[in-house]
Chemist: 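Here you go, one structure.
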2 protein chains.
Amino acid sequence: MAMGRPRSFDADKALDEAMEVFWRHGYDGASLAMLTKAMGIKPPSLYAAFGSKEGLLKAALDRYAQRRSAHMHYVLAGPTAREVAVRFLSSIAESHTDPANPPGCLLVQGGLACGEGSENIPFELAARRAQGEAELRERFVQARHDGDLSPEADPAALARFLSTVASGMGVLASSGADREALREVARVSLSAFPKRDASS
Amino acid sequence: MAMGRPRSFDADKALDEAMEVFWRHGYDGASLAMLTKAMGIKPPSLYAAFGSKEGLLKAALDRYAQRRSAHMHYVLAGPTAREVAVRFLSSIAESHTDPANPPGCLLVQGGLACGEGSENIPFELAARRAQGEAELRERFVQARHDGDLSPEADPAALARFLSTVASGMGVLASSGADREALREVARVSLSAFPKRDASS
DNA sequence: AGACTTATCTATCACTCGATACAAAAGTTG
DNA sequence: CAACTTTTGTATCGAGTGATAGATAAGTCT
């Protein structure tokens with residue numbers, strides 16, 4: 001049936017470059033010229049592979065989530081709810097100041113507010129942030145079942161608190177805060193987290 | 001010497017409209033067309049009054065700070081460090097979900113990351129956020145002097161923590177979270193705050 | 001080889017961006 | 001009123017926006 005000319009660039013490699021551009025400049029601030037230059041391809045190749053600028057962002061977000069899933073798996077594997085919280089905020093402090101990436105969090109600075117043709121980008125990013133919060137919440141529900149989290153504790157509230165602090169750390173990191181500053185925020189935040197099961 | 005034709009629009013009123021546009025769409029996402037339409041003036045009037053799009057943003061930020069100063073004054077007037085923290089996060093929860101304004105915080109969603117000619121906008125916003133944190137820090141230093149905050153407490157760390165949570169609440173609110181959700185985050189966050197002076 | 005399918009490149013599309021030139025209008029001052 | 005100063009509206013500037021048309025190149029399949 002004839003397979004056609006094969007793609008001459010590595011889509012994943014190109015996505016990594018696009019991700020960095022979106023990360024550093026946000027959706028509106030990332031122009032096609034910047035993206036194609038960073039990806040090393042021409043506009044028609046970009047559109048053939050990803051459909052549109054928005055499609056490219058979604059693909060980059062998928063890849064971002066994929067990168068993070070490994071870390072998140074480690075976080076959720078913590079033996080207790082509190083250890084999960086410790087791991088979560090610690091990994092946020094490290095990843096948001098990783099010199100290999102732009103400072104901050106793609107899901108935060110990618111676009112909280114956008115221009116006239118991009119109204120759904122903020123929704124897209126919010127949905128991805130909500131997913132991380134949901135994973136934490138489920139883990140804490142499990143922890144309460146297991147008994148390492150007090151029955152009075154509110155898994156949803158704790159997950160939302162941690163997710164909110166993580167977003168705040170993203171904002172902080174985006175403005176150039178160093179790793180130690182984020183660690184300190186993590187440390188203070190953790191004193192809001194239940195230390196042990198008060199029941200049974 | 002002839003005073004010239006007087007301005008035919010209310011600059012403060014126009015700034016309020018511009019502020020809302022920047023708030024809802026971010027700096028990059030706010031186009032001159034949107035701004036002039038919202039402000040009810042034509043581009044030459046805008047440029048005569050504010051110099052540039054960036055100048056307009058800074059004027060809007062000044063006005064935003066002016067609005068907030070009243071709230072912040074009330075917050076800092078809290079009798080104890082802890083009460084200051086309570087007032088701070090409570091006022092954030094209310095203001096970030098005030099139906100009279102776009103959800104969230106102008107200083108957060110105004111532009112964490114911008115395009116190629118706007119690199120200094122994120123700096124500008126970060127500086128304004130840092131100012132609020134500095135005010136909290138100074139208040140906590142004062143509280144430690146006054147003895148209502150333990151000598152072991154770290155005013156800088158506490159201020160940064162609260163500021164970070166506030167930013168996170170801004171992110172949360174921007175994605176449509178309701179007031180009760182923000183209040184809950186505030187409540188959990190406050191359990192990280194020292195309850196009383198452990199010394200003396 | 002030859003037919004077929006898809007990717008890539010050059011050039012460019014229509015449109016919007018932020019910002020201005022120019023002339024008419026509206027006020028103040030002598 | 002007449003001279004002067006500043007604002008306002010119309011029209012538009014050059015540059016950059018996201019996206020595409022059409023021709024060519026590079027592979028696979030029979």
Side-chain angles (χ1 to χ4, degrees), chain A residues 1-15 17-19 21-22 24-60 110-111 113-122 124, chain B residues 1-15 17-19 21-22 24-60 110-111 113-122 124:
Chain A
M1 287 287 182
M3 286 280 288
R5 175 175 176 175
R7 183 175 286 156
S8 65
F9 65 94
D10 181 336
D12 285 338
K13 210 80 168 159
L15 264 185
E17 301 297 332
M19 185 196 304
V21 174
F22 283 129
R24 199 174 294 281
H25 297 283
Y27 182 79
D28 280 341
S31 70
L32 264 280
M34 297 169 59
L35 289 166
T36 52
K37 180 178 177 184
M39 299 169 80
I41 61 177
K42 309 289 177 181
S45 298
L46 191 158
Y47 281 85
F50 304 105
S52 65
K53 187 184 175 186
E54 182 173 341
L56 175 62
L57 174 71
K58 289 184 180 175
C114 281
E116 220 146 27
S118 324
E119 289 88 354
N120 43 334
I121 271 64
E124 185 71 31
Chain B
M1 286 287 179
M3 287 279 288
R5 175 176 178 175
R7 184 175 285 155
S8 65
F9 64 94
D10 181 338
D12 284 339
K13 211 77 169 161
L15 264 185
E17 300 298 332
M19 186 195 305
V21 174
F22 282 130
R24 200 175 293 281
H25 297 284
Y27 182 78
D28 280 341
S31 70
L32 265 275
M34 298 169 59
L35 289 165
T36 52
K37 180 178 177 185
M39 299 169 80
I41 62 177
K42 310 289 177 183
S45 298
L46 191 158
Y47 280 85
F50 305 105
S52 65
K53 187 183 175 185
E54 182 173 341
L56 176 62
L57 174 70
K58 289 183 180 175
C114 282
E116 222 147 25
S118 324
E119 289 86 355
N120 43 333
I121 270 65
E124 186 71 30

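In what follows, chains are A, B, ... by sequence order, proteins preceding strands, each numbered from 1.
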Chemist: Can you tell me whether the side chain of A/Arg5 and the base of D/dA25 have a donor-acceptor pair closer than 3.5 Å?
Modeler: yes

Chemist: For the pair made of CG in B/Leu35 and C1' in C/dA19, what is the distance, rounded to whole Å?
Modeler: 13 Å

Chemist: Between atom CG in B/Leu46 and atom P in D/dT6, what is the gap in whole Å?
Modeler: 19 Å

Chemist: Once you round it to whole Å, what is the distance between P of C/dA25 and CD1 of B/Ile41?
Modeler: 21 Å

Chemist: Below the 4.0 Å mark, does D/dT20 have OP1 or OP2 next to a side-chain nitrogen or oxygen of A/Tyr47?
Modeler: no

Chemist: Can you tell me how far P of C/dT16 sits from NE2 of B/His25, to the nearest Å?
Modeler: 16 Å

Chemist: Identify, between A/Lys42 and B/Pro6, the residue whose nearest nucleotide on DNA chain C lies closer to the 5' end.
Modeler: A/Lys42

Chemist: Which comes earlier along DNA chain D counting from the 5' end, the contact point of A/Lys53 or that of B/Gly40, where each point is its nearest nucleotide?
Modeler: B/Gly40

Chemist: Side-chain N or O of B/Ser45 versus OP1/OP2 of D/dT7: is the shortest distance under 4.0 Å?
Modeler: no

Chemist: From CZ of A/Phe50 over to P of D/dA19, roughly how many Å is that when rounded to an integer?
Modeler: 14 Å

Chemist: Please report the interatomic distance CD(B/Glu116) to NE2(A/His25), rounded to the nearest 0.5 Å.
Modeler: 6.0 Å

Chemist: Tell me which nucleotide among C/dT10, C/dC17, C/dG18 gets nearest to the side chain of B/Ala33.
Modeler: C/dC17

Chemist: I need the CD-C1' distance between A/Glu116 and C/dC17, as an integer number of Å.
Modeler: 13 Å

Chemist: From A/Thr36 OG1 over to A/Glu17 CD, what is the distance, rounded to the nearest 0.5 angstrom?
Modeler: 12.5 Å

Chemist: So does A/Ser31 get a side-chain nitrogen or oxygen closer than 4.0 Å to the phosphate oxygens (OP1/OP2) of D/dG16?
Modeler: no

Chemist: With no hydrogens and no angle check, is any side-chain donor or acceptor of B/Lys53 less than 3.5 Å from a backbone partner on B/Tyr27?
Modeler: yes

Chemist: So which nucleotide from D/dT7, D/dA21, C/dA19 ends up closest to the side chain of B/Ser52?
Modeler: C/dA19

Chemist: Got a donor-acceptor contact below 3.5 angstrom from the A/Asp28 side chain to the B/Asp28 backbone?
Modeler: no

Chemist: Closest to the B/Met3 side chain: D/dA19, C/dT29, C/dG18?
Modeler: C/dT29

Chemist: Any idea which of D/dT7, D/dA19, D/dG9 is nearest the B/Arg7 side chain?
Modeler: D/dT7

Chemist: To the nearest Å, give me how far apart CZ (B/Phe9) and P (C/dA25) are.
Modeler: 20 Å

Chemist: To the nearest 0.5 Å, what is the distance between CG (B/Leu15) and CG (B/Asp10)?
Modeler: 9.0 Å

Chemist: What integer distance in Å separates B/Lys37:NZ from D/dG9:C1'?
Modeler: 18 Å

